[in-house]
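Shown next, in structure tokens, is the structure this report addresses.
Source: prediction; values computed, not measured.
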Number of protein chains: 2
Amino acid sequence: MNLVPIYSCLADETRLRMVHLLARTPLCVCHLQSLLNLTQVAASKHLAYLRKHELVAGRRHQQWMIYSLPTKPSRELALQVRALQECARLDPVLRDDLRRLAEIEPDCCWAGQALEGPGRAKHSPRLKSKRTPLITP
Amino acid sequence: MNLVPIYSCLADETRLRMVHLLARTPLCVCHLQSLLNLTQVAASKHLAYLRKHELVAGRRHQQWMIYSLPTKPSRELALQVRALQECARLDPVLRDDLRRLAEIEPDCCWAGQALEGPGRAKHSPRLKSKRTPLITP
DNA sequence: GGTTCATATTCCTGAATCGGAATATGCATC
DNA sequence: GATGCATATTCCGATTCAGGAATATGAACC
């Protein structure tokens with residue numbers, strides 16, 4: 001019954017929105033945090049939960065952790081993510097998440113380049129605390 | 001975010017199996033109870049949970065409560081149930097549930113007649129405690 | 001009206017989970 | 001190696017939920 005952990009992960013609004021965003025593009029924790037307006041602890045804990053249940057994978061790039069859906073998701077996960085994406089078109093919150101993601105995508109070094117390569121760190125390290133603020137809430 | 005209650009309901013193996021069975025045909029509590037090998041309390045409580053979150057509807061027929069998916073499910077629910085049914089084909093437990101359901105379907109007065117009409121009580125009332133035992137565990 | 005059957009509700013206990021505060025770790029720069 | 005930043009982990013307290021035992025309700029039959 002590999003379905004139950006998937007549903008458990010999605011049974012929380014924050015995690016649901018995270019998976020939905022990550023289904024579109026890999027993101028680092030601070031992007032997720034500002035997109036979803038989360039405290040650092042909340043973001044990290046929910047990501048740990050998703051990692052534990054293998055809904056997302058994280059890799060470190062320099063000082064940042066980049067999260068994404070697994071490279072080779074199980075068939076169940078793939079089907080569920082697709083269903084989620086279909087439903088998301090009916091949901092104002094999820095649609096708005098995607099809209100705000102699109103706004104920052106040009107600024108985001110990870111957008112579109114999935115898991116391949118380390119990526120040029122447009123997420124510029126050492127920029128005097130001026131880390132890409134994305135959406136300022 | 002009407003998706004979260006749906007996922008919460010499915011985030012438990014018993015409820016997941018209930019919804020999966022009910023997606024195929026309406027069933028009374030005692031059928032679900034024996035198909036899933038549940039205590040009376042467990043069956044009733046999980047159904048109450050599903051009812052509270054509007055994933056199932058119950059109607060009384062004589063002494064029995066017949067549960068089924070809602071007559072007019074939301075689009076989200078319909079999509080999720082379809083995704084579940086697709087995934088179910090990959091899952092041994094869920095497939096076996098359907099197999100055992102098929103075995104008792106001829107004996108089951110509710111099979112196939114959905115929500116219309118009261119149905120002939122093949123679930124014969126007053127048959128001296130010899131209620132259709134279905135699967136004897 | 002009393003009995004029986006099918007189902008629901010209540011009360012309990014134990015486990016899991018969430019949110020926040022504080023602290024720890026790992027990488028990068030100086 | 002000290003400092004700063006991004007992230008993770010730990011330790012609370014509050015809430016939620018599952019499972020079992022006992023009890024309550026409601027319909028049907030006598």
Side-chain angles (χ1 to χ4, degrees), chain A residues 4-5 7-18 26-34 36-53 56-67 108-110 118 121 123-134, chain B residues 4-5 7-18 26-34 36-53 56-67 108-110 118 121 123-134:
Chain A
V4 172
Y7 287 128
S8 302
C9 286
L10 301 179
D12 173 275
E13 174 167 343
T14 300
R15 288 192 299 261
L16 178 62
R17 293 169 73 189
M18 283 179 160
L27 288 167
C28 68
V29 181
C30 58
H31 282 96
L32 285 167
Q33 194 177 328
S34 57
L36 302 182
N37 206 6
L38 299 172
T39 68
Q40 189 265 315
V41 180
S44 187
K45 272 199 220 167
H46 281 301
L47 285 167
Y49 189 103
L50 291 173
R51 227 183 320 120
K52 186 175 86 177
H53 293 285
V56 307
R59 66 180 164 127
R60 181 176 282 280
H61 176 68
Q62 295 166 6
Q63 346 171 20
W64 300 283
M65 281 296 292
I66 315 300
Y67 282 95
C108 175
C109 51
W110 317 112
H123 213 219
S124 41
R126 286 311 82 192
L127 259 195
K128 310 280 165 124
S129 113
K130 197 180 154 286
R131 86 148 200 261
T132 41
L134 314 180
Chain B
V4 172
Y7 287 128
S8 303
C9 286
L10 301 179
D12 173 275
E13 173 167 342
T14 301
R15 289 193 298 260
L16 178 63
R17 293 169 73 189
M18 283 180 160
L27 288 168
C28 68
V29 180
C30 57
H31 282 96
L32 284 167
Q33 194 177 328
S34 56
L36 303 181
N37 207 5
L38 299 171
T39 68
Q40 189 265 314
V41 180
S44 188
K45 271 199 219 166
H46 282 299
L47 286 167
Y49 189 104
L50 291 174
R51 228 183 318 122
K52 186 174 86 179
H53 293 285
V56 307
R59 67 182 161 123
R60 183 174 280 281
H61 176 67
Q62 295 166 5
Q63 344 169 23
W64 300 282
M65 281 295 292
I66 315 300
Y67 282 94
C108 175
C109 51
W110 317 111
H123 214 220
S124 41
R126 285 314 81 194
L127 257 195
K128 312 280 166 123
S129 110
K130 197 181 154 287
R131 84 148 201 264
T132 42
L134 316 179

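- The separation between B:M65 atom CE and D:dA28 atom P is 13 Å, rounded to whole Å.
- Between the CD atom of B:E13 and the P atom of D:dG19 there is a distance of 10 Å, given to the nearest Å.
- Minimum interatomic distance between A:L36 and A:T14 (heavy atoms only, all atoms of both residues): CD1-O, 4.0 Å.
- C:dC5 atom P lies 17 Å from atom NE2 of B:H31, rounded to whole Å.
- Contact between the side-chain N/O atoms of A:Y67 and the OP1/OP2 oxygens of D:dA8 is found at a separation under 4.0 Å.
- For the pair B:Q40 CD and D:dA22 P, the interatomic distance rounds to 14 Å; values are reported in whole Å.
- Summarising the geometry, the separation between CD on B:Q63 and P on D:dA27 is reported as 11 Å, rounded to the nearest angstrom.
- A:V29 comes within 4.0 angstrom of sugar-phosphate atoms only, judged by non-hydrogen atoms across all strands, and of no base.
- Of the possible polar contacts, none joining the B:R15 side chain to the B:H46 backbone as a donor-acceptor pair under 3.5 Å is found.
- Each of A:T39 and A:H53 was matched to the nucleotide of DNA chain C holding its nearest heavy atom; the match closer to the 5' end belongs to A:H53.
- Counting heavy atoms from C-beta on, the side chains of A:M18 and A:L38 come closer than 4.5 Å.
- Sequence order on DNA chain C of the closest nucleotides to A:K52 and A:R60 puts A:K52 first from the 5' end.
- In terms of heavy atoms, B:H53 sits closest to B:C9 at CB-SG, 3.5 Å.
- In this structure, A:R59 places its CZ atom 15 Å from P of C:dC27, rounding to the nearest Å.
- Side-chain N/O atoms of B:H46 include none lying less than 4.0 angstrom from OP1 or OP2 on D:dC17.
- A:L10 places its CG atom 15 Å from the P atom of C:dT17, with the value rounded to the nearest Å.
- Across all their heavy atoms, A:P26 and A:I66 have their closest contact at CB-CG2, 4.0 Å.
- Straight-line distance from the NZ atom of B:K45 to the P atom of C:dC11: 12 Å, rounded to whole Å.
- Set against C:dT9, D:dT9, C:dA6, the side chain of B:S44 has C:dT9 as its closest nucleotide.
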